[in-house]
Amino acid sequence: MPEPYDPELGGPAEPKPYASELGGSSEPKPYAPDELRALDRAHVWHPYGPMPGRQEPLIVESASGVRLRLAEPVEGQRELVDGMSSWWSAVHGYNHPVLNEAARGQLDRMSHVMFGGLTHEPAVRLATRLVEITPEPLQHVFLADSGSVSVEVAVKMCLQYWRSAGRPEKRRLLTWRGGYHGDTWQPMSVCDPDGGMHELWSGALPRQVFADAPPDGFDAEPDPAYVARLRELIAAHADEVAAVIVEPVVQGAGGMRFHSPAYLRVLREACDELDVLLVFDEIATGFGRTGKLFAAGHAGVSPDVMCVGKALTGGYLTMAATLCTSRVAEGISRGEVPVLAHGPTFMGNPLAASIASASVDLLLGQDWEGEVARIGTGLRSGLAAASDLPGVVDVRVLGAIGVVQLDHEVDMAAATRAAVREGVWLRPFRDLVYTMPPYVTGDDDVQRICRAVCAAAREG
Ligand SMILES: *Cc1c(COP(=O)(O)O)cnc(C)c1O
């Protein structure tokens with residue numbers, strides 16, 4: 001074992017005493033904000049960040065309801081209304097008494113036990129609940145530890161299904177451009193090849209089949225020429241394609257674009273006809289965000305495999321799930337390797353599963369459709385002003401998602417500062433300033449978020 005090394009001292013340091021030797025319950029001495037920032041910059045990776053980091057992150061001390069409390073005032077603000085729901089996940093806001101109670105209750109029983117050879121009520125309850133609330137043919141649930149892993153599992157299911165069916169050559173994926181499915185290897189291979197990291201990884205990533213991005217507009221009439229091209233592409237590759245994978249209705253991190261649900265019906269029909277499985281990645285769209293409980297509901301179609309994540313635990317802990325039909329599960333089980341060879345260490349984590357069940361019950365126990373529609377109405381009226389701003393090319397709202405698209409790359413620092421000055425947390429990307437507020441955001445706070453989006457669009 002290497003010597004413990006203390007970078008502050010620049011040489012081997014005294015081994016750190018155990019907490020028990022310090023008297024057990026003693027809390028570590030809090031860092032001053034400057035100290036925290038320096039250590040963060042020196043040691044801690046942030047999403048899509050360089051190392052050492054840029055000095056940009058704000059320090060959050062706590063969060064409650066729809067507000068993040070900062071460790072120190074920034075642009076005169078100590079509290080920010082969260083317009084991001086922590087990347088689509090915190091739909092009930094922070095520090096929610098019901099979710100806190102679910103966490104505490106489970107914590108006192110057990111936070112985790114392995115899932116191989118053992119099972120427990122939190123996982124069984126959650127899986128059963130997910131089967132109940134997702135489209136009818138989805139019957140079986142694999143509890144994964146993040147969205148990206150749930151997509152890996154979905155891909156493994158599809159490839160293994162065809163392998164078991166004696167068609168191992170069906171191992172490519174087909175998707176449309178503009179998508180985002182996560183940052184691990186298989187998900188990355190079906191992300192938008194232009195916006196994603198494809199060039200960096202060309203040669204290393206599995207090569208998938210790409211259709212053009214679906215034409216814009218949730219309400220737009222489906223384009224017959226696009227439909228024909230999509231069908232042709234699937235037909236041309238049906239012998240080598242295991243599955244079509246798409247985000248239904250809303251392409252999220254790939255560009256916040258909305259498309260007609262009619263294209264999902266086209267995919268369902270083509271996949272049925274041509275012996276290709278259909279995967280819906282509902283990690284971003286699930287649990288009401290687009291106005292239906294799942295975006296598949298806009299089209300009235302059901303996939304063979306479906307991923308959920310993000311809002312699954314109400315933003316409390318990392319957990320995702322891959323659901324599949326009995327046809328897929330039975331197909332896999334008939335193969336030479338009759339098992340799904342996947343089993344994360346923290347599979348089925350009881351703490352996350354308990355909170356997830358509580359979050360789903362909390363959602364379904366209220367008029368979530370009304371709340372999402374209310375926020376959508378607020379976003380529509382509050383963001384209308386953005387249309388007149390110079391450099392704005394589009395303003396769009398669907399469910400509780402509001403997007404302002406610019407004709408240039410957003411200046412992140414300037415846009416963030418402008419939003420913070422309005423007392424709001426936003427995280428724009430590429431040419432987009434957008435918001436997905438928690439469903440509990442009050443009307444005044446929705447308008448405050450809209451003012452911040454406009455300010456960020458103006459100054460970014
Ligand atoms: C966020 C996201 C993922 C990846 O989930 P992680 O939990 O970040 O791994 C996959 N697909 C979609 C549609 C997402 O929005």
Side-chain angles (χ1 to χ4, degrees), residues 45-49 84-91 134 142-158 173 175-193 195-197 205 208 213-214 243-259 264 267 278-290 292-296 298 303 305-323 342 344-347 349 352-353 355-356 359 398-401 403 427-430 432 434-436:
W45 288 107
H46 282 265
Y48 308 100
M84 302 304 297
S85 300
S86 283
W87 273 336
W88 320 67
S89 64
V91 289
T134 51
F142 188 103
L143 294 172
D145 34 16
S146 76
S148 300
V149 171
S150 76
V151 174
E152 297 278 1
V153 170
V155 173
K156 193 182 270 190
M157 280 177 179
C158 294
L173 302 170
T175 186
W176 47 39
R177 287 169 183 266
Y180 176 80
H181 297 282
D183 292 338
T184 61
W185 225 237
Q186 287 284 351
M188 213 169 31
S189 76
V190 281
C191 289
D192 185 36
M197 299 282 178
L205 279 181
Q208 315 294 17
V244 170
I245 176 169
V246 296
E247 295 157 278
V249 177
V250 176
Q251 294 183 301
M256 307 299 297
R257 299 167 78 228
F258 311 150
H259 57 256
L264 304 172
L267 290 179
L278 180 59
V279 181
F280 283 170
D281 177 348
E282 294 246 17
I283 292 169
T285 50
F287 305 102
R289 181 55 69 180
T290 70
K292 295 277 186 193
L293 192 55
F294 296 99
H298 289 290
V305 177
M306 179 165 140
C307 298
V308 295
K310 288 199 161 90
L312 174 62
T313 63
Y316 266 52
L317 276 173
T318 175
M319 177 173 263
T322 313
L323 291 95
H342 211 98
T345 306
F346 289 99
M347 184 167 178
N349 178 255
I355 298 169
S359 175
L398 181 69
I401 308 170
V403 184
R427 185 77 176 156
F429 70 105
R430 289 204 242 156
L432 302 161
Y434 74 104
T435 177
M436 300 159 310

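When reading the values below, keep in mind they use all heavy atoms of this one structure, side chains included, and skip hydrogens, waters and symmetry mates. One-based numbering, in listed order, for ligands and for the atoms of each.
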Heavy-atom contacts with His181 under 4.0 Å: which atoms of ligand 1 show up? List them by number with element. 10 (C), 11 (N)
Residue Glu247 vicinity, atoms of ligand 1 by number, heavy atom under 4.0 Å: 13 (C)
Apply the test side-chain contact (heavy atoms from CB on, under 4.5 Å) to residues Glu152 and Trp185: give CA-CA distance (whole Å), side-chain angles for both, the deciding distance (0.1 Å), then the verdict. CA-CA 8 Å; Glu152 297 278 1; Trp185 225 237; 4.3 Å; yes
Which atoms of ligand 1 have any heavy atom of Gly182 under 4.0 Å away? 4 (C), 10 (C)
With a 4.5 Å cut-off on side-chain heavy atoms, are Met188 and Leu205 touching? yes
Note, Val249 side chain near Thr285 side chain (heavy atom, < 4.5 Å): no
Give a yes or no on whether Phe429 atom CZ has more than 12 heavy-atom contacts from other residues, nucleotides or ligands under 6.0 Å away. yes
What residue and atom, counting heavy atoms only, is the protein's closest point to atom 8 (O) of ligand 1, and at what distance? Ser148 OG, 4.4 Å
Quick check: does Asp281 get an N/O under 3.5 Å from an N/O on ligand 1? yes
Here the pair of heavy atoms bringing Ala311 nearest to Trp88 is CB-O, 3.8 Å
Exercise: identify the closest heavy-atom pair between Ala352 and Thr313: O-CG2, 3.8 Å
Please state which protein non-hydrogen atom is closest to atom 7 (O) of ligand 1 and give its distance, to 0.1 Å? Gly147 N, 2.8 Å
Heteroatom distance test (Lys310, ligand 1): nitrogen or oxygen, under 3.5 angstrom: yes
Would you mind telling me if ligand 1 is within reach of the side chain of Tyr180, the backbone, both or neither, using heavy atoms under 4.0 Å? both
